[in-house]
Amino acid sequence: MSHEPEPTTDWRTVYRTLRGRIERGELSAGDRLPTIAALSARMGITRHGARRALERLRDEGRTQSWQGLGYRVAEPTVDIHLDSFPRWGANAARSGRLGAARMISSRTVRADRELARDMGLKLGARVYLAELVRSADNRPMALSRSHFPIARFNGILDDLSETGSVTRALARHGITDCRRSRTRLEGRMPTAHEALVIGMPRGQPVMVSTGVNTDPDGAVVEVSVSVFRADCVKFEF
């Protein structure tokens, strides 16, 4: 029969030790923390005490716990302002982080019923699709799928690949004043591809933002579907 060792350390001391290492940057965002069993053995604390220390850090937002993967240092969040035309770089900067985007794939696809409705096209119409990974401080936070009408934006995929920016790519086609006409938000579980690209378990939820962007005349220039790590973003209207 196994018995827990007599505790030599209070759980609050363990909690303060780990908190200090996180605050000093000795443990970085995404770093794995010791398991409850390992922490108990290493720090001379009961497993119950080890769990209390880790849960206290999680409740304060300093750590995250993923089922089957233990505890990790939490990622700082990015506040997403759903204003007239949300821009990832500006949102990241407002949150004190360096935002970036890179295109990982592009192709033409046929619009399904929902996309055709959002773009004002016929069901099955062909549209450009670009997938971009959006990161903050070099850590992936979202996978965005940008859809453009082919008839109006010939060559925009090359522009997007070169600039890494939907705003600058549209500007090359004369669209300098873009507006968000409507936004939909939904929560769901990620696909295998989404989880792989943004570096998260499939068992954790994502937030999906679908935005319809128009020119000053009200014509749709882009429909974006962005899949965000739910633990890393907060939406503001």
Side-chain angles (χ1 to χ4, degrees), residues 15 18-35 54-105 130-146 160 164-167 180 183-211 213 222-237:
Y15 152 75
L18 292 174
R19 184 187 66 184
R21 293 190 65 194
I22 294 171
E23 290 176 343
R24 291 190 298 271
E26 296 173 12
L27 292 170
S28 302
D31 283 354
R32 188 189 299 271
L33 295 176
T35 65
L54 291 171
E55 288 179 348
R56 174 74 173 270
L57 292 167
R58 183 193 61 196
D59 293 345
E60 292 179 350
R62 300 178 192 273
T63 66
Q64 300 161 328
S65 59
W66 288 347
Q67 186 174 3
L69 296 177
Y71 287 82
R72 295 173 183 263
V73 180
E75 301 278 1
T77 59
V78 173
D79 295 334
I80 307 297
H81 293 249
L82 296 174
D83 49 19
S84 59
F85 186 54
R87 291 172 172 84
W88 175 252
N91 283 315
R94 278 194 290 258
S95 301
R97 310 191 69 186
L98 178 62
R102 63 183 177 88
M103 193 168 79
I104 60 171
S105 71
E131 284 193 323
L132 298 95
V133 177
R134 301 191 183 278
S135 61
D137 296 342
N138 294 317
R139 300 188 69 84
M141 296 291 170
L143 173 64
S144 293
R145 297 180 175 99
S146 290
L160 189 53
S165 166
V166 171
T167 303
R180 175 64 57 89
T183 301
R184 292 194 305 273
L185 294 175
E186 64 172 319
R188 61 168 172 80
M189 307 307 286
T191 67
H193 173 63
E194 292 164 349
L196 178 65
V197 169
I198 57 181
M200 62 178 295
R202 288 199 65 184
Q204 296 297 316
V206 292
M207 285 299 300
V208 182
S209 169
T210 300
N213 300 314
E222 182 212 10
V223 171
S224 66
V225 181
S226 296
V227 181
F228 295 95
R229 286 182 49 166
D231 59 326
C232 295
V233 296
K234 293 186 294 184
F235 291 98
E236 298 186 10
F237 293 86

What distance separates [X] [atom1] from [Y] [atom2], expressed to the nearest 0.5 Å?
| X | Y | atom1 | atom2 | result |
| --- | --- | --- | --- | --- |
| T77 | K234 | OG1 | NZ | 4.5 Å |
| R87 | R180 | CZ | CZ | 10.5 Å |
| L82 | S209 | CG | OG | 5.5 Å |
| M103 | L160 | CE | CG | 5.5 Å |
| L98 | R139 | CG | CZ | 14.0 Å |
| E236 | N91 | CD | CG | 9.0 Å |

[Y] backbone acceptor or donor facing [X] side chain under 3.5 Å:
| X | Y | value |
| --- | --- | --- |
| W88 | S135 | yes |
| T63 | R58 | yes |
| S95 | D79 | yes |
| Q204 | P201 | no |
| S28 | D31 | no |

Student check: side-chain heavy atoms of [X] and [Y] closer than 4.5 Å:
| X | Y | value |
| --- | --- | --- |
| V227 | R188 | yes |
| F228 | R134 | no |
| V206 | M200 | yes |
| E131 | H193 | yes |

Please give me the minimum heavy-atom distance between [X] and [Y], naming the atom from each residue.
| X | Y | value |
| --- | --- | --- |
| V133 | L143 | CG2-CD1, 4.4 Å |
| S224 | N213 | OG-ND2, 4.3 Å |
| L132 | S146 | CD1-OG, 4.0 Å |
| S226 | S144 | OG-OG, 2.8 Å |
| P140 | R229 | O-CD, 3.9 Å |
| C232 | M141 | CB-SD, 3.4 Å |

Within a 6.0 Å radius of atom CZ on R102, are there more than 12 heavy atoms belonging to other residues, nucleotides or ligands? no

I'd like to know whether CG of N138 has more than 12 heavy-atom contacts from other residues, nucleotides or ligands below 6.0 angstrom.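 12 or below, so no.
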
Listed by chain and number, what are the salt bridge (charged side-chain N to carboxylate O under 4.0 Å, His left out) partners of R202, not counting sequence neighbours?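 Expected list: none.
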
Partners of E26 by salt bridge (charged side-chain N to carboxylate O under 4.0 Å, His left out), sequence neighbours excluded? R21, R24

